[in-house]
Amino acid sequence: MKVRACLKAEVKYTAIFLSLAVSVFILVLHNIEILEGWFKVNSNTCLPKPATDHHGRHGFCTFDPLSSEDAEEERLLLQSTAWPKTPLLPSPLSLEETSDPAHSTFTIPPGKEGRQWQIGDQLEVTINMCDFKGHPKKTGGDVLLARLHNPSVEAGVAGKVVDHLNGTYTAVFSLLWEGSAQVQVTLVHPSEAVTVLQRLNVEEPDRIYFWSVFRSGSLSQTTACNVCLRPTQQPQCNYTDVRTGEPWFCYKPQNLSCNSRVTHSMGGIKQNLKAEEEKLFDSRVNMKISIRASGPANITVLPKKEGQPNVESSIVKSGPAGYYYQGVWHALGGSTVNQFNTETITQCLKGKVVYMFGDSTVRQFFEYLNTELPNLREFDLHNERKAGPFISLDYTNNILLNYRFHGPPIRIVPIPTSELRYMANELDGITGGSKTVVIFCIWAHFGTFPMEIYIRRVQNIRRAVVRLLDRAPNTLVIIRTGNPKELTLTVALTNSDWHSYQADKVLRAMFNGLNVHFVNAWEMTLAHHLPHDLHPKHPIIKNMINVIMSYMCPQKGG
């Protein structure tokens, strides 16, 4: 009887077990369907955000901010960095009515009340823009850069350009060295070209596109990816980061799942210019053309006289971040830049862990230190030289350097998707402390997108920096800004100084008030006598390294 009862119980529990197993199996299948569905998104994923008042954007690449606080900050940032209104382009466009540097001029006024210029004064230079017919422009919006320099003593300082919105501008310079000083004003883009760039960043943010390879066994397919994808009948894979909310999408391959994505790379560039717009840019393939002086382009700066007040600018109250003299960068505003050699750099880095995040312009710091420090050895991770990540170690002095690219969008050679890491998430993984240094930059790969996309990314990074400094207040955080660059036609359309300058202002505003330090790459490149380059040349990088080391070791140098 006991055996029969046991058999009945066994049958009963076996049936219950099989029933549970079937239920679990059905539940697993259901969850798999949900997971696969989570990766598939349609055109409704890019939620349209109400256009902000000052630009009226209606492009397809807009997202709801992550919070109401983010939305308000975005609105204020866009207002504070908004470019002056530029003219609509008539069709057909007449190039003769666009800004022409050959007919435009700048004028150096005489010294105030007949006095000579002296160190500490501020010089205001008047710029008058004209079109190809020589007619004065009536609107603002031209992209102008200005510097004051003396090649013989390798001196230079960036000027601040004020747009009066009527075709005239004022460039303001601080007079910081004795002797000759020459004004240089260049036209980066006429206002009409800015009109085109504004349209492209709203309507054609995908003019640089990206590829991802999907692979399962012997089956492989490649599809296009981007921050935003145009709505089509083709399903999309949603790779939005679950922690930061950073958006990224790929068109789903026909015969593979979204989980089979293995690589990321830059695909190519589509110019997407209208015929009249192409003429506008083709006429200035080599951008940054100097504007001629109406009269002398030089002044002589004398030593400051005892008791003589300085001439101050009537329109610009804040001065430059620094200046060059004899090829050496001197910071202004209280900080001192010491000069470091191989030995003192090593001593400064001794016992420290340095994390570098960002694009190839911060990778230059990693490469510079690897070249200059004889005891620093890079560990071969068998990565692409343009991609990373990289690690270098000086075992004797207990120095560890890390470099990693920021998350997409990144215009890069094919890399495994496992190496795509968002900077905010990486920062959250750092313990921090007095022996930890974080250096980052992010700017060059966002030039084709509306500024809201860049603001969203920096908001996430700032939150991570705040968390890092909360748990480890002694952590040193250094931010490298963007810099002016050589502008070919392609670069002008995809990574313009116009966009980079606005990103520079956004970055500074968003980290204002936090315990972080800046390497002002914008002014350090603009003020230097070397030609502008996406990757500034060795003498400029050397000065940037001196700035970084001075933050790390303010009492050292060599």
Side-chain angles (χ1 to χ4, degrees), residues 338 340-407 410 412 415-416 418-442 461 464-465 467-480 515-519 521 535 538 541-542 544-558:
N338 298 313
F340 287 78
N341 54 32
T342 298
E343 180 181 352
T344 51
I345 290 176
T346 300
Q347 289 302 311
C348 181
L349 290 174
K350 192 170 184 176
K352 291 185 173 67
V353 179
V354 181
Y355 296 92
M356 301 181 191
F357 300 109
D359 54 37
S360 57
T361 61
V362 82
R363 191 184 71 218
Q364 285 186 277
F365 298 156
F366 182 91
E367 294 166 343
Y368 180 95
L369 294 172
N370 264 345
T371 301
E372 295 296 319
L373 303 185
N375 291 330
L376 199 60
R377 294 287 183 270
E378 182 179 346
F379 186 84
D380 187 3
L381 296 175
H382 306 290
N383 294 321
E384 289 280 354
R385 290 311 305 170
K386 292 185 177 181
F390 304 124
I391 296 177
S392 284
L393 177 67
D394 177 346
Y395 185 80
T396 302
N397 294 290
N398 195 25
I399 300 170
L400 178 62
L401 302 185
N402 301 270
Y403 166 79
R404 180 176 287 279
F405 223 106
H406 64 67
I410 48 175
I412 206 166
I415 61 171
S418 60
E419 296 295 356
L420 296 177
R421 313 280 183 85
Y422 287 99
M423 195 187 302
N425 294 337
E426 294 297 298
L427 289 170
D428 282 338
I430 296 174
T431 302
S434 61
K435 297 297 183 179
T436 301
V437 181
V438 174
I439 305 171
F440 72 84
C441 72
I442 185 163
I461 294 170
V465 168
R467 290 190 291 267
L468 172 60
L469 294 177
D470 279 346
R471 66 178 176 270
N474 292 333
T475 306
L476 180 63
V477 178
I478 302 171
I479 305 172
R480 182 205 191 278
N515 185 24
V516 300
H517 303 273
F518 284 94
V519 176
H535 302 109
H538 185 274
I541 296 300
K542 183 179 187 300
M544 291 184 187
I545 291 293
N546 284 332
V547 172
I548 291 171
M549 293 299 147
S550 297
Y551 288 139
M552 291 189 198
C553 305
Q555 303 305 320
K556 295 183 178 180

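We're numbering straight along the sequence, starting at 1.
Side-chain contact between Pro374 and Thr342 is present, with at least one heavy-atom pair separated by less than 4.5 Å. Counting heavy atoms from C-beta on, the side chains of Ile439 and Val362 come closer than 4.5 Å. Looking at heavy atoms from C-beta onward, Ile410 lies in side-chain contact with Leu420 at the 4.5 angstrom threshold. Taking 4.5 Å as the limit, every side-chain heavy atom of Leu393 sits out of range of all side-chain heavy atoms of Ile399. Between Val465 and Leu427, some side-chain heavy-atom pair lies under the 4.5 Å cut-off. At least one side-chain heavy atom of Ile479 sits under 4.5 Å from a side-chain heavy atom of Phe440. Between Leu349 and Met552, the closest side-chain pair of non-hydrogen atoms falls below 4.5 Å.
With sequence neighbours left out, the ring pair (Phe, Tyr, Trp, His ring centres under 6.0 Å) criterion links Phe357 to no other residue. Under the side chain to side chain contact (heavy atoms under 4.5 Å, CB included) criterion, Ile391 pairs with Leu381, Leu400, Asn402, sequence neighbours left out. Under the side-chain hydrogen bond (donor to acceptor under 3.5 Å, both in side chains) criterion, Glu367 pairs with Arg363, not counting sequence neighbours. With sequence neighbours excluded, the residues satisfying side chain to side chain contact (heavy atoms under 4.5 Å, CB included) with Ala424 are Thr244, Asn460, Ala464. Among residues two or more places apart in sequence or in another chain, the side-chain hydrogen bond (donor to acceptor under 3.5 Å, both in side chains) test is passed with Ser360 by His535. For Ser550, the side-chain hydrogen bond (donor to acceptor under 3.5 Å, both in side chains) test picks out no residue, with sequence neighbours left out. Residues forming a side-chain hydrogen bond (donor to acceptor under 3.5 Å, both in side chains) with His538 (at least two apart in sequence, or on another chain): none. Among residues two or more places apart in sequence or in another chain, the disulfide (SG to SG under 2.5 Å) test is passed with Cys441 by none.
Among pairs with a residue in residues 368-379, those fulfilling salt bridge (charged side-chain N to carboxylate O under 4.0 Å, His left out) read Glu378-Arg385, at least two apart in sequence or across chains. Residue pairs meeting the salt bridge (charged side-chain N to carboxylate O under 4.0 Å, His left out) criterion with at least one member in residues 389-400, sequence neighbours excluded, do not occur. Within the structure, the salt bridge (charged side-chain N to carboxylate O under 4.0 Å, His left out) test picks out no pair touching residues 343-352 (sequence neighbours left out). The list of salt bridge (charged side-chain N to carboxylate O under 4.0 Å, His left out) pairs with a residue in residues 424-441, not counting sequence neighbours, reads Arg243-Asp428, Arg404-Glu426, Arg421-Glu426, Asp428-Arg467.
Put simply, the side chain of Tyr551 gets close to the backbone of Phe518: a donor and an acceptor are under 3.5 Å apart. The backbone N or O of Pro554 sits less than 3.5 Å from a side-chain atom of Asn338, completing a donor-acceptor pair.
The two residues Gly432 and Ala472 come nearest to each other via the heavy atoms C-CB, 3.7 Å. Here the closest heavy-atom approach between residue Val353 and residue Tyr355 is recorded as CG1-CE1, 3.5 Å. In terms of heavy atoms, Asn370 sits closest to Ser392 at OD1-OG, 2.7 Å. Summarising the geometry of Phe340 relative to Cys348, their closest heavy-atom pair is CE2-CB, 4.3 Å, with the distance given to 0.1 Å. Of all the heavy atoms in Asn515 and Leu469, the pair that sits closest is O-CD1, 3.8 Å. Closest approach of Ala387 to Ile415, counting heavy atoms only: CB-CG2, 3.4 Å.
In this structure, CG on Asn383 lies 6.0 Å from CD on Glu419, to the nearest 0.5 angstrom. Here Ile461 contributes atom CD1 and Leu468 contributes atom CG; the two are 13.0 Å apart, rounded to the nearest 0.5 Å. Taking CZ of Phe390 as the reference point, atom CD of Glu384 lies at 9.0 Å (rounded to 0.5 Å). Ile345 contributes atom CD1, which lies 6.5 Å from atom CD1 of Ile545 (distance to the nearest 0.5 angstrom). Note: Leu369 CG to Met549 CE = 5.0 Å, rounded to the nearest 0.5 Å. The CG atom of Asn546 lies 11.5 Å from the CD1 atom of Ile541; values are rounded to the nearest 0.5 Å.
Taking the six-membered ring where tryptophan is involved, the planes of Tyr403 and Phe366 are tilted, since the angle between them lies from 30° to 60°.
Asn397 and Thr346 share no side-chain donor-acceptor pair at under 3.5 Å.
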